[in-house]
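Only one structure is covered here, and it is reproduced in the block below.
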There are 2 protein chains.
Amino acid sequence: MAKRKPVSIRDVARESNASLTTVSLVLNKRDGRISSATRERVLKAVDKLGYVPNRLAQSLQAQKSGFLAILVPELRHVFADPYFGELISAIEEAANEAGYKLLLEVAHKQDIEQKRHVELFQRRFVDGLLCLGSTNRDDFLGDFVGSDNAVIIVNNHLPALSLNSVMCDYRQAGVLAAEHLIDLGHKDIAYIHGAAEVQTASDLRESFEARLASSGIKMPKNHAADGLYTEAGGAAAAAQLLKTNPNITAIMAGNDKMAIGAIAGLKNAGLSVPKDVSVVGCDDLQPSLYSDPPLTTIHTPLDEVGHRACTAVLALFEGKQEHVTETLPVSLTLRNSTCGPRKIR
Amino acid sequence: MAKRKPVSIRDVARESNASLTTVSLVLNKRDGRISSATRERVLKAVDKLGYVPNRLAQSLQAQKSGFLAILVPELRHVFADPYFGELISAIEEAANEAGYKLLLEVAHKQDIEQKRHVELFQRRFVDGLLCLGSTNRDDFLGDFVGSDNAVIIVNNHLPALSLNSVMCDYRQAGVLAAEHLIDLGHKDIAYIHGAAEVQTASDLRESFEARLASSGIKMPKNHAADGLYTEAGGAAAAAQLLKTNPNITAIMAGNDKMAIGAIAGLKNAGLSVPKDVSVVGCDDLQPSLYSDPPLTTIHTPLDEVGHRACTAVLALFEGKQEHVTETLPVSLTLRNSTCGPRKIR
DNA sequence: ACGGACAGATAAATCCTTTTACTTCCTAGA
DNA sequence: TCTAGGAAGTAAAAGGATTTATCTGTCCGT
C-alpha cells in the first residue's frame, strides 16, 4: 500500500546508460538515428521499470492537453436525460477514435459569472469545447466569438452569434411533422413547445406553423402551451390545451419527453391515443419506442450530429478548418401514436 | 483569429518588475511577506495581461491532476441509459463541490487488454477512478487490488476481489419486493433477471427467491428468464414466461428497463397490467414514472450512492481512508403496476 | 595526411508553476 | 558601534517530457 513514487524518463535513462534524449527518441519512434543495440537496451529498461510517460508533462510540453470538454446546462439529473446521453455517447466514440479524452463540464451559474469556461482554454485544460443544450440567453458564449478557441454548438445554433455549429434540420422537422398530420386529415392541431430561448425549438415551431398555414390551417395562440421540456410539463400542457380546445385532434410536441407526458395527460383525461388525439414527438429517443402507444416522431440523427461535432471541433483545433456550419436532414419515424382524426360531433 | 500565445507567470513578473516567486506567492495568497505595494503591482499586472495559471503546469508540479475518471462499460449508447446517467449526475455534483473535474472513460476491449486503466494512474491522468457497471468478469479490476490507487466500485461489489465499494442493499431490495407480492397474495411468481455476472443482480435474485421460499413459495427454474438488461429483452422474457407458465400472476424484474419491457410484452399478449399480471421493477428511474401503468419498483438511492462514492474516492486519494464498503438501504415505491392476483380458472 | 560526410548520441533549452533556501537591507536592542 | 532578527524579495531546483543544436568519432576519397 505504500505510495511508491512513479518512474520517470530519468530513471530509464540511468538504468539503460543512455541520455534522456535517446530514451525519448526511442519511445517516440523517432529513432532513425539510434542503433538497434541502444534501442534494445532502452526498451529493456523501460520494461523492467514499468515506465509510462507522464501525460501531464507531455501535455505541458506539447501545448495541448488531449482533452475535449462537453458543456451541458445545469439541469437536475442532466446526464440522465437520454437526449444529452445519446449525444455524449456519440461524441465519446468519435473522441476515442481520435485519441482524445472527454471532460464533463456543467454550466454552473457561478462558473459562468466568473468566466470559467474561457479559463478552460486559457488554463490549457482543454483543446476544444462542445456545447450541448445552449440557449439564446447563454451570452457567455459571446466570449468565444472571434477567439481562436475550438468551440462548437452541438445540435443548435445561435443567430445572434457567429459560432460554429452542427445540428439537425429542425425546420425540415417541422415541415415533416406538419405534413404528416395534414396528410392524415387533421385540422385542429395544438402545439406543446419547449423553451423559446432554444433556437431550434423556435425553428421547429415556426416551420411547423408555417407549413400548416400554407395548407390553410391556422393555429391560434391558445393552441400552444409550454411543456417546459419535461414529461410533467407535457402532461400539464396537454390537459390545459384540452380544456381550452376540446376539439383538437392532434398534438405536436417539441420533443419526445413532452410528447410522452402529453400522452399520459390525455389518457388521464380519459382520452385514447391515437384514436381520440394523435401525438407526434421529436427526437426519436429510446423511450419513444417503449411508450404506449409507441410514439410517432421525427427522427433526428443525434449519433451523427455527435460524431460530426466532435470531428469538427478537432478540425478547428488543428486549424484545418476555420468555420463550421453543418445541418443534417431528419426523417419521420412512423409508429402508433398517430392516426386520422376522430369525427367531431 | 490569430493564435496569440498565452500569458505566463513570467510575463507577469516582467510586467510588474517582480520575480516569479513573488508573483506566485501573491497569487496563491501565501503573501505574508510581500508588501502591499508589491502585491498591488503584481495584481495590476495580472489584471492587465489577463493572466491565468496554466493548469497542466500546476498539476505537474503538485503531482495531482484534479481529475477523477468515470469508467463505464462498453454498451451501445451507454450514456443514454438513465441508470448510468443518474449516477454520473450525482458524481458530478459531488466532484464539482470538491473542485474536481470528471473524465469519461469507456472500457473498450482494446484499452483493457492493454491495461490502459492502470495507465490512467501511472500517467498521472487521474487522481481517482469510479467504476460503474462492473461485472464479475472484469478481471482487469484485479490489477487495482492492493495498489495504492484510489478506486471504487459504484453500486456493485465483487466478492472475489477486495475492492472499495459503495452500493445499495440489493438483498434488502429482493426481500422488499418479495414481501410486497406475498402481501398482495401472489403465489405464482416469475423472475426476469439481468446478467448473472453482475453481483448485485445475483444478490437481488437470491434474496428475492429466498424470501419467497421462507413463505413457502417456490420458484421453479422455468419461472426465470433472462431479460438481457434491456426493454426488448424484458418484453421477450415476459412473452416466453407467459407461454411456459400461463398461470403466473406476478413478475419481478431485475431493473426498471426490463420491467417496462415486460409490461409491453404482456400488453402485447393481450394481458392487462396489473389486473392480469403484476409487475415490479427495480431502480426507480425517471421512465418508471411515465410508463403505463406507472411502475411499482424498488427505490435505490442512486443519488446518494453517487455522492458517497465520489466523496469516498477522494478520501482514499487523500489517504484519509484506507478502505470503504458502504451499503445504503432501499425502499419500496408503490405505483400502479401491482395489485392482487387475478382468480385463476 | 586531411577535409568532408555521416552515424550515433547527448547537453541544454523549453513548456509553466511552486517551493525551498537563501540574500539583502533595516531597525531595534545592548 | 555592533549584532540579532525580522521584513521583503529572489535565485534556483524540482516536477517530467520533447526537441534543437551540437558534439564525437569513424570512414571515405584524394
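The basis for the numbers below is simple: all heavy atoms, side chains too, and nothing from hydrogens, waters or symmetry mates. Note on naming: letters A, B, ... go to the chains in the order of the sequence lines (proteins, then strands), and numbering restarts at 1 for each one.
Closest non-hydrogen pair, D303(B) versus H77(A), comes out as OD1-NE2, 3.0 Å. Minimum interatomic distance between E74(A) and A107(A) (heavy atoms only, all atoms of both residues): CB-O, 3.7 Å. Of all non-hydrogen atoms in L87(A) and V154(A), the two that sit nearest each other are CD2-CG1, 4.1 Å. Across all non-hydrogen atoms, the minimal contact from G306(B) to A90(B) is CA-CB, 3.9 Å. Closest heavy-atom contact between S19(A) and A13(A): C-CB, 4.0 Å. Here the shortest heavy-atom pairing between L132(B) and P73(B) reads O-CD, 3.3 Å.
Applying the salt bridge (Lys or Arg N to Asp or Glu O under 4.0 Å) test to pairs two or more places apart or on separate chains, those with a residue in residues 6-25 of chain A are D11(A)-R14(A), E15(A)-K48(A).
Backbone-only engagement by Q58(B) is indicated by non-hydrogen atom pairs under 4.0 Å involving sugar-phosphate atoms exclusively. If you check every strand for non-hydrogen atoms under 4.0 Å, Q61(A) touches a base.
Remark: C1' of dA13(D) and CG of L60(B) are 13 Å apart, rounded to the nearest angstrom. Between R55(A) atom CZ and dC15(C) atom C1' there is a gap of 16 Å when expressed in whole angstrom units. Following rounding to the nearest Å, R14(A) (CZ) and dG16(D) (C1') show an atom-to-atom distance of 13 Å. As rounded to whole Å, 13 Å separates atom C1' of dT10(D) from atom CZ of R10(B). Atom-to-atom, CD of Q122(A) to C1' of dC16(C) comes out at 15 Å; the value is rounded to the nearest Å. As a whole-Å value, the separation of R30(B) CZ from dT10(D) P is 18 Å. Remark: P of dT18(D) and NZ of K64(A) are 13 Å apart, rounded to the nearest angstrom. Following rounding to the nearest Å, D11(B) (CG) and dC15(C) (C1') show an atom-to-atom distance of 13 Å.
Here Y51(A) reaches the OP1 or OP2 of dA17(D): one of its side-chain N or O atoms lies under 4.0 Å away.
R30(B) pairs by the side-chain hydrogen bond (donor to acceptor under 3.5 Å, both in side chains) definition with nothing, not counting sequence neighbours. Applying the ring pair (Phe, Tyr, Trp, His ring centres under 6.0 Å) rule to F121(B) yields the partners F144(B); only residues at least two apart in sequence or on another chain are considered.
Contacts of residues 20-28 of chain A with DNA chain D (heavy atom under 4.0 Å): T21(A), S24(A), N28(A). If you check residues 34-49 of chain A against DNA chain C, the residues with a heavy atom closer than 4.0 Å are I34(A), S35(A), T38(A), listed by number.
No cation-pi contact links K64(B) to F317(B), judged by a cut-off of 6.0 Å to the six-membered ring centre and 45° from its axis.
In terms of polar N and O atoms assigned as donor or acceptor, the side chain of R33(A) never comes within less than 3.5 Å of the base of dG8(C) in a complementary pairing.
In summary, the side chains of Q199(A) and N156(A) do not present any donor paired with an acceptor at a separation below 3.5 Å, with no hydrogens or angles considered.
Across its full length, the helix from dA1(C)-dT30(D) to dA30(C)-dT1(D) shows an angle of 80° between the axes of its 5 terminal pairs at either end, rounded to 10 degrees.
The side chain of A57(A) lies closest to dG16(D) when the candidates are dT10(C), dA11(D), dG16(D).
For the side chain to side chain contact (heavy atoms under 4.5 Å, CB included) with S147(B), the lone residue among V151(B), N149(B), D143(B) that qualifies is N149(B).
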